[in-house]
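Scroll down for the structure; my scribbles are underneath it.
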Amino acid sequence: MKDYIAVVGSLNYDIIVKQNRLPEKGETYTADQVTYTGGGKGANQAVQCAKLGVKTYLIGKVGEDNFGEILLDKLNTFGVDTTYVARSSENTGVGLVNTLYDGSVHATIVPGANFDIKISEIDILSDVLAQSNMIILQMEIPMEVIEHVIRKASEYGVFIVLNAAPAKEIDLEVLKLVDCLVVNETEASFYCGARIDDLKSAQNNAKALHDLAKETVIVTLGEKGSLLCNSSGYTHIPAVRAEKVEETTGAGDSFIGAFSYGKYNSMSDLESCKFASKVASYTVMKVGAQEAMPYKHEVI
């Protein structure tokens with residue numbers, strides 16, 4: 001029985017600094033607070049799936065260092081199964097995040113162990129992938145691994161969600177195998193070859209966006225919600241307004257985890273997007289992506 005989701009992706013140790021503004025060139029600026037938390041798009045999306053009650057395996061790599069230990073301990077606390085997170089001689093990936101009081105985020109990542117994942121290691125886990133209900137990927141691990149997993153998942157008939165972030169070149173024939181592609185405005189522009197920076201421009205390019213993937217493309221638009229492009233046409237899903245926006249770092253990953261929960265539970269694309277918007281609205285009200293993500297009892 002295909003009763004779990006497999007996430008193949010990154011794990012980072014995030015250092016989040018809260019401040020009024022970014023420093024000028026050459027300036028040493030004093031921030032207001034710092035938060036240390038688990039991150040990486042793969043880990044974040046796995047956490048949201050697990051917090052919503054779905055059995056979730058994370059496939060990835062961390063270093064043989066304290067950061068790696070901390071990440072695995074925290075993931076296990078959130079209910080993510082880390083059996084298939086391997087150790088690397090490279091350092092654990094690190095995310096350096098500056099978050100401002102207007103909710104904007106400026107982030108830099110050091111890939112480290114995330115780029116030490118090899119195709120041969122993925123092939124050892126072929127049964128885990130083949131027996132999963134769904135596979136979720138992002139683009140913070142080597143592209144050859146991403147493309148290999150997509151091809152294998154397609155052969156196995158497993159539903160594929162690809163969060164094409166950050167935007168990178170990918171074999172367009174492989175992209176066509178993806179059941180659901182999720183991108184933000186910047187990533188949509190990259191893959192569509194047209195400037196997409198608001199709802200109208202996303203709507204104007206809806207057909208071109210839909211043609212990128214096998215079935216469904218979702219463009220996340222921040223506070224403007226999201227645009228769902230599928231065989232029924234395109235539909236705008238307004239964002240659910242949060243009572244207070246504390247930080248938006250994990251909003252996109254929360255959305256994807258919640259959308260995947262919806263599809264896992266046989267919701268339609270539209271129902272899944274609406275649920276994902278609701279879940280993400282909870283996430284932005286707290287600091288730290290994984291800690292901020294809500295549990296099932298908080299949203300249902």
Side-chain angles (χ1 to χ4, degrees), residues 1-11 40-62 71-72 75-76 78-86 114 117-165 170 174-182 213-218 252-269 271-273 275-276 279 290 293 296:
M1 182 178 179
K2 296 189 171 186
D3 62 348
Y4 62 85
I5 289 175
V7 181
V8 183
S10 58
L11 301 87
K41 291 182 180 298
N44 289 348
Q45 291 168 22
V47 165
Q48 186 61 90
C49 290
K51 279 190 163 187
L52 292 172
V54 180
K55 184 178 181 182
T56 306
Y57 288 105
L58 178 59
I59 298 170
K61 271 191 171 181
V62 294
L71 292 182
L72 294 179
L75 287 168
N76 291 329
F78 290 136
V80 176
D81 193 315
T82 59
T83 301
Y84 306 112
V85 177
N114 293 310
I117 302 173
K118 300 175 177 63
I119 288 176
S120 58
E121 295 168 329
I122 293 296
D123 286 341
I124 293 171
L125 303 176
S126 58
D127 286 348
V128 178
L129 297 177
Q131 294 170 22
S132 61
N133 179 281
M134 180 186 305
I135 294 173
I136 306 173
L137 302 110
Q138 317 76 33
M139 290 190 165
E140 292 183 340
I141 60 175
M143 184 54 67
E144 62 267 22
V145 173
I146 295 166
E147 292 180 345
H148 183 71
V149 172
I150 291 172
R151 290 190 184 98
K152 286 296 183 181
S154 179
E155 289 177 14
Y156 301 146
V158 176
F159 190 90
I160 307 164
V161 176
L162 172 64
N163 175 211
I170 184 173
V174 172
L175 196 57
K176 277 283 192 182
L177 301 175
V178 171
D179 295 283
C180 180
L181 173 67
V182 185
K214 182 179 177 181
E215 295 179 12
T216 303
V217 175
I218 300 167
D253 294 331
S254 179
F255 182 98
I256 292 165
F259 174 85
S260 300
Y261 166 89
K263 295 299 292 182
Y264 176 89
N265 285 283
S266 302
M267 293 184 192
S268 67
D269 287 344
E271 290 170 332
S272 297
C273 280
F275 177 70
V279 171
Q290 295 176 13
M293 291 174 178
K296 184 176 180 179

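Taking 4.5 Å as the limit, some side-chain heavy atom of N44 sits within range of a side-chain heavy atom of Q290. Taking 4.5 Å as the limit, some side-chain heavy atom of Q48 sits within range of a side-chain heavy atom of L52. Residues L129 and I59 meet the side-chain proximity criterion, which asks for heavy atoms closer than 4.5 Å. Taking 4.5 Å as the limit, some side-chain heavy atom of I170 sits within range of a side-chain heavy atom of L162.
Closest heavy-atom contact between M293 and V47: SD-CG1, 4.1 Å. Of all the heavy atoms in K41 and N163, the pair that sits closest is CD-OD1, 3.9 Å. Residues V145 and I117 approach most closely at CG2-O, 3.4 Å, considering heavy atoms. When every heavy atom of D123 is checked against every heavy atom of H148, the shortest pair comes out as OD1-NE2, 2.6 Å. Residues G42 and V7 come closest through the heavy atom pair O-CG1, 3.4 Å. The minimum heavy-atom distance between Y264 and M134, with the atom names listed, is N-CE, 3.7 Å.
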Distance-only check: which donor-acceptor pairs under 3.5 Å involve side-chain atoms of residues 255-262, not counting sequence neighbours?
residue : atom : partner : partner atom : Å
S260    : OG   : I256    : O            : 2.8

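Heavy atoms from other residues, nucleotides or ligands lying under 6.0 Å from NZ of K176 number more than 12.
Within the 3.5 Å criterion, the main-chain N or O of L11 finds a donor-acceptor partner in the side chain of N114. Without hydrogens or angle criteria, Q45 side chain to I136 main chain gives no donor-acceptor distance under 3.5 Å. Under a 3.5 Å cut-off, the side chain of N265 and the backbone N or O of M267 do not form any donor-acceptor pair. With S120 contributing its side chain and K118 its backbone, the two residues share no donor-acceptor pair below 3.5 Å.
Taking CD1 of I135 as the reference point, atom CD1 of I150 lies at 9.5 Å (rounded to 0.5 Å). Separation of atoms CD1 (I141) and CD1 (I122) is listed at 6.5 Å; rounding is to 0.5 Å. From L75, atom CG reaches atom OG1 of T82 across 6.5 Å, with rounding to the nearest 0.5 Å. Separation of atoms OH (Y156) and OG (S132) is listed at 9.5 Å; rounding is to 0.5 Å. Going from atom NZ of K296 over to atom NZ of K51 covers 15.0 Å, rounded to the nearest 0.5 Å. Here the NZ-OG1 distance, from K263 to T216, works out to 6.0 Å after rounding to the nearest 0.5 Å.
A perpendicular orientation is assigned to the rings of Y57 and Y4, their planes being inclined by more than 60° (bins at 30° and 60°).
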